[in-house]
Novice: 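Take this structure first; my questions come after.
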Amino acid sequence: MTTASISQRVSHRGWALAALAWTLFAVLAFAMHEGLTVRWDEALLHAAQGWRAAHPKVEAVMRDFSALGGTPVLTLFTVLAVAYLCSVGRPARATAIAVAMAAGALMVSSLKSLFGRARPDADFAALVQEGLSFPSGHASMSAVFYLTVGVLIAQRHGRTRERVFLLGVAVAMALIIGATRVVLGVHWASDVIAGWAFGAGWAAMWFQLAAHLRDARQPASPHEPG
């Protein structure tokens, strides 16, 4: 199989992943708007409150993990990632990551305003934050950043085991950060799942765009499809 055919297959899979993720987001948005998620959203909110009461020391850990998906941390990590990619001669990918994060944040803010969903009642939350709830900004933007960077780093490794490990770490980071938002009572569970779906689709789209920009400038290395 030629490098070009491998690149084409990877590209098709990337766009398919983006379409699948956004379809899931649309389904969740419709279900949330129609009130179909209320029962299990409330059940998980109460379960999280009970779990925090039974494990009070874990709450501080959840706060620390949650901060890894906050704006200050992700901004710092984005600047570092962009600087690194520029230093190794990947300006197109560096630009794509920067634009993906900035545009993603604006998109999430617009979606929050569009759906206008209120956050869970402060009486059920361990961490009170203002603003709207759907989709979760932490879940969305952590998925965009960690998945995109995880794929870029994984491409630099030829062994399948190494790639799987790196991608697994990226996915785990996004999942953990999103889960903390439910545990802390800051978001409904459907907010977080929708955030993961949006973030995965957004990351897949921008990764495909970055790959094409890179191809226009220089040939791909043996371990970098697309």
Novice: Ignoring hydrogens, what is the shortest heavy-atom contact between Ala100 and Trp206? Give both atom names and the distance.
Specialist: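 In this case the closest contact between Ala100 and Trp206 is CB-CG, 3.5 Å.
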Novice: With a sphere of 6.0 Å drawn around CZ of Phe65, does it hold more than 12 non-hydrogen atoms of other residues, nucleotides or ligands?
Specialist: no
Novice: Does Phe77 belong to the same Ile/Leu/Val/Met/Phe/Trp/Tyr cluster as Val151, with side-chain heavy atoms less than 4.5 Å apart forming each link?
Specialist: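 Yes; Val151 is reachable from Phe77 via cluster members.
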Novice: Please answer whether the main-chain N or O of Ser133 pairs with a side-chain N or O of Arg119 as donor and acceptor at a distance below 3.5 Å.
Specialist: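 Flag not set: sc Arg119 to bb Ser133 has no pair under 3.5 Å.
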Novice: Does the side chain of Phe30 reach to within under 4.5 Å of the side chain of Val27, using non-hydrogen atoms?
Specialist: no
Novice: Using salt bridge (Lys or Arg N to Asp or Glu O under 4.0 Å) as the criterion, list what pairs up with Arg117, not counting sequence neighbours.
Specialist: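 Only Asp41, Asp191 meet the salt bridge (Lys or Arg N to Asp or Glu O under 4.0 Å) criterion with Arg117.
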Novice: Please answer whether the main-chain N or O of Gly131 pairs with a side-chain N or O of Lys112 as donor and acceptor at a distance below 3.5 Å.
Specialist: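 Absent.
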Novice: Give the cluster check for Leu184 versus Val61: same hydrophobic cluster or not, with ILVMFWY residues linked at side-chain heavy-atom distances below 4.5 Å.
Specialist: yes
Novice: What about Met62 and Leu45, same hydrophobic cluster or not, with Ile/Leu/Val/Met/Phe/Trp/Tyr joined at side-chain heavy-atom distances under 4.5 Å?
Specialist: no
Novice: Is it true that a side-chain atom of Ser66 and a backbone atom of Arg63 form a donor plus acceptor pair closer than 3.5 Å?
Specialist: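 No; zero donor-acceptor contacts below 3.5 Å.
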Novice: Shortest non-hydrogen contact from Ala189 to Trp40?
Specialist: CB-CZ3, 3.6 Å
Novice: If hydrophobic clusters are built from ILVMFWY residues whose side chains come within less than 4.5 Å, do Val38 and Phe115 share one?
Specialist: no
Novice: With side chains defined as the heavy atoms from C-beta onward, is the minimum distance between Val58 and Trp51 less than 4.5 Å?
Specialist: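 Contact flag for Val58/Trp51 side chains = yes.
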Novice: When the ring planes of Phe198 and Trp202 are compared, do they come out parallel, tilted or perpendicular, using 30° and 60° as the limits?
Specialist: parallel
Novice: Tell me every residue that passes ring pair (Phe, Tyr, Trp, His ring centres under 6.0 Å) with Phe145, counting only those two or more places apart in sequence or in another chain.
Specialist: none
Novice: Report yes or no: does His33 contribute a side-chain atom to a donor-acceptor pair with the main-chain N or O of Ala29 at less than 3.5 Å?
Specialist: no
Novice: What's the shortest heavy-atom distance between Thr37 and Ser190, and which atoms?
Specialist: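 Closest approach of Thr37 to Ser190, heavy atoms only: OG1-OG, 3.7 Å.
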Novice: Would you say Ser142's side chain and His138's backbone share a donor-acceptor pair under 3.5 angstrom?
Specialist: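 Yes, the answer is positive, given that a donor and an acceptor are paired below the 3.5 Å cut-off.
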Novice: Where the side chain of Trp196 meets the backbone of Ala174, is there a donor-acceptor pair that is under 3.5 Å apart?
Specialist: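 Yes; at least one donor-acceptor contact below 3.5 Å.
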Novice: Treating Arg52 as the side-chain partner and Val183 as the backbone partner, does any N or O pair qualify as donor plus acceptor under 3.5 Å?
Specialist: yes
Novice: What are the two closest non-hydrogen atoms of Pro135 and Leu111, and how far apart are they?
Specialist: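 For Pro135 versus Leu111, the nearest heavy atoms are CD-CB, 3.7 Å.
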Novice: Please say yes or no: joined through hydrophobic side-chain contacts below 4.5 Å, possibly via intermediate residues, are Met101 and Val99 part of one cluster?
Specialist: yes
